Student: 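Quick one: the structure is below, questions incoming.
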Amino acid sequence: MQRYFINQSADKLQRFFIENKEDIHHIKNVMRYSEGDSVIVTFLDQTVYKCQIKALNDNYVELELKDKQNIDTELPQHITICSGLIKADKYEWMIQKATEMGANEFIAVGMDRSVVKLNESKVAKKLERWQKIIKEAAEQSYRLTIPNIYFKSNLQEIYDIISHYDYVLIAYEEQAKHGDLSHFKQIIKQFKTQDRVLMIFGPEGGLSDKEVSLFSENSTLVGLGPRILRAETAPLYALSAVSFEKELLG
């Protein structure tokens with residue numbers, strides 16, 4: 001059953017309206033739903049209801065809440081993926097899959113070795129496209145929230161906000177080359193429920209020495225296994241490791 005998001009808290013005593021034009025188009029013209037059909041709706045307070053369509057037109061879809069769904073699809077930790085700008089198709093693929101795997105937030109950063117450059121005039125348009133990809137991935141994967149995405153022009157801007165996180169981890173390939181195969185696992189084991197974790201990944205060329213040294217006193221360098229991963233693969237590896245340790249192993 002198709003899932004949609006409504007940016008309001010659920011209330012069984014009232015009806016709700018989907019007013020997002022793309023969602024309305026999807027309901028009417030892609031799924032071809034009509035009055036009496038049901039959809040799954042996730043609300044702002046992360047409650048989920050099976051809802052019945054009471055009316056639909058080009059401006060809104062009216063919904064009546066029916067059955068509450070007991071679903072918990074979020075990682076126990078709040079994971080922010082901070083990654084260097086990479087080629088558009090690879091970055092879009094990464095944020096899509098990372099959303100499916102539980103990331104809570106994305107920060108795209110212009111780094112020293114980023115081949116891709118993003119002009120300020122194009123930031124708003126890019127963020128709009130990326131947010132749409134994330135929203136669709138969140139719906140597909142039955143997430144309870146839609147991750148946000150932001151752009152920062154350099155890592156100094158990230159350094160200024162690291163106090164917001166309980167852990168700051170930097171994926172650094174030199175750690176793996178030097179045989180660091182267990183440190184990341186040990187840190188994940190320390191994560192507590194609701195911990196805020198910032199994971200920093202370099203672009204295709206990796207992080208520069210200058211960028212790594214910027215966080216030398218406020219972060220932990222970790223290797224991601226014995227193989228060198230692509231820039232778009234590394235965040236997915238990290239999220240998989242967190243999920244395995246904190247969800248599958250309990």
Side-chain angles (χ1 to χ4, degrees), residues 22 78-141 143 146-162 164-165 168-177 184 197-216 218-225 227-242:
E22 293 179 352
H78 183 285
I79 308 292
T80 296
I81 300 296
C82 171
S83 55
L85 288 174
I86 58 178
K87 294 178 181 178
D89 58 336
K90 293 181 179 180
Y91 188 75
E92 292 176 0
W93 179 84
M94 186 276 286
I95 60 175
Q96 180 191 60
K97 301 310 175 187
T99 297
E100 294 175 17
M101 299 177 75
N104 297 92
E105 185 178 58
F106 297 95
I107 308 176
V109 183
M111 295 185 183
D112 292 346
R113 294 176 179 170
S114 292
V115 176
V116 175
K117 306 297 180 183
L118 188 56
N119 297 328
E120 288 296 330
S121 60
K122 298 180 179 179
V123 170
K125 186 175 181 180
K126 276 290 187 183
L127 288 174
E128 181 180 359
R129 174 173 172 78
W130 291 339
Q131 195 67 65
K132 179 181 178 182
I133 292 170
I134 291 168
K135 175 180 178 293
E136 291 173 351
E139 291 172 344
Q140 183 276 326
S141 57
R143 292 289 302 276
I146 303 174
N148 289 317
I149 187 165
Y150 307 95
F151 171 74
K152 302 294 183 182
S153 60
N154 56 72
L155 271 178
Q156 179 64 54
E157 295 186 59
I158 303 301
Y159 180 82
D160 293 339
I161 62 171
I162 59 175
H164 300 169
Y165 299 93
V168 178
L169 308 182
I170 297 180
Y172 193 43
E173 64 182 42
E174 294 301 321
Q175 296 297 112
K177 290 179 181 178
F184 184 43
V197 182
L198 174 66
M199 295 184 176
I200 301 176
F201 303 87
E204 285 96 344
L207 293 157
S208 69
D209 292 340
K210 178 183 176 182
E211 289 170 329
V212 173
S213 64
L214 177 64
F215 295 87
S216 60
N218 307 91
S219 68
T220 302
L221 300 180
V222 295
L224 302 181
R227 291 162 292 280
I228 302 303
L229 305 176
R230 290 179 180 271
E232 68 271 24
T233 309
L236 307 184
Y237 179 101
L239 287 166
S240 296
V242 174

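Predicted model only: the values in this text are computed from it and were never measured.
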Student: With heavy-atom distances below 4.5 Å as the criterion, would you say the side chains of Val109 and Phe151 are in contact?
Tutor: no
Student: The test is side-chain contact (heavy atoms from CB on, under 4.5 Å); show your working for Ile200 and Leu169 and say whether it passes.
Tutor: CA-CA 6 Å; Ile200 301 176; Leu169 308 182; over 6 Å; no
Student: Are any of the side-chain heavy atoms of Ile149 and Ile107 separated by less than 4.5 Å?
Tutor: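 SC-SC contact between Ile149 and Ile107 ruled out.
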Student: With rounding to the nearest 0.5 Å, note down the distance linking CG in Leu118 to NZ in Lys152.
Tutor: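 If I round to the nearest 0.5 Å, the distance is 13.5 Å.
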Student: Does any non-hydrogen side-chain atom of Val242 lie less than 4.5 Å from one of Met199?
Tutor: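 Result yes, sub-4.5 Å side-chain heavy-atom pair found.
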Student: Working to the nearest 0.5 angstrom, can you tell me the gap between Leu229 CG and Leu224 CG?
Tutor: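 Answer rounded to 0.5 Å: 6.0 Å.
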Student: Do the non-hydrogen side-chain atoms of Leu198 and Cys82 ever get within less than 4.5 Å of each other?
Tutor: yes
Student: Look at the side chain of Glu204 and the backbone N and O of Arg230, then say whether any donor-acceptor pair between them is shorter than 3.5 Å.
Tutor: no
Student: What pairs of residues pass the side chain to side chain donor-acceptor pair (under 3.5 Å) test when at least one of them lies in residues 93-118, not counting sequence neighbours?
Tutor: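 Qualifying pairs: Thr80-Glu105, Glu105-Tyr165, Asp112-Ser208.
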Student: side-chain contact (heavy atoms from CB on, under 4.5 Å) with Ala98: which residues, sequence neighbours excluded?
Tutor: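 Expected list: Met94, Ala103, Phe106, Leu236, Leu239.
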Student: Could you give the distance from OH (Tyr172) to OG1 (Thr220), rounded to the nearest 0.5 Å?
Tutor: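 The distance works out to 14.5 Å.
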Student: So Leu221 and Ile170, do their side chains get closer than 4.5 Å, heavy atoms only?
Tutor: yes
Student: Strictly by ring pair (Phe, Tyr, Trp, His ring centres under 6.0 Å), give each pair with a member in residues 117-141 just once, sequence neighbours left out.
Tutor: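 The answer is Tyr91-Trp130.
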Student: Applying salt bridge (Lys or Arg N to Asp or Glu O under 4.0 Å) as the test, list every pair that has at least one member in residues 119-138; sequence neighbours left out.
Tutor: Glu22-Lys132, Asp23-Lys135, Glu92-Arg129, Lys135-Glu139
Student: Just verifying a value: how many Å separate Asp89 CG and Glu232 CD, rounded to the nearest 0.5 Å?
Tutor: 8.5 Å
Student: Taking only residues two or more places apart in sequence or in another chain, which ones pass ring-ring contact (aromatic ring centres under 6.0 Å, His included) with Tyr150?
Tutor: none
Student: My understanding is that only residues two or more places apart in sequence, or in another chain, count here; which of them pass side-chain contact (heavy atoms from CB on, under 4.5 Å) with Leu214?
Tutor: Leu155, Gln156, Tyr159
Student: Specify the closest pair of heavy atoms between Ile162 and Val168, including all atoms of both residues, with the distance to one decimal.
Tutor: CB-CG2, 4.0 Å
Student: My understanding is that only residues two or more places apart in sequence, or in another chain, count here; which of them pass ring-ring contact (aromatic ring centres under 6.0 Å, His included) with Tyr237?
Tutor: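 By the ring-ring contact (aromatic ring centres under 6.0 Å, His included) rule, Tyr237 matches no residue at all.
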Student: Check whether Gln131 reaches the backbone of Pro147 with its side chain - one donor and one acceptor, N or O, closer than 3.5 Å.
Tutor: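 Indeed, once roles are kept as given, a pair shorter than 3.5 Å links the two residues.
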Student: Please step through side-chain contact (heavy atoms from CB on, under 4.5 Å) for the pair Phe201 and Leu207, ending with a clear verdict.
Tutor: CA-CA 8 Å; Phe201 303 87; Leu207 293 157; over 6 Å; no
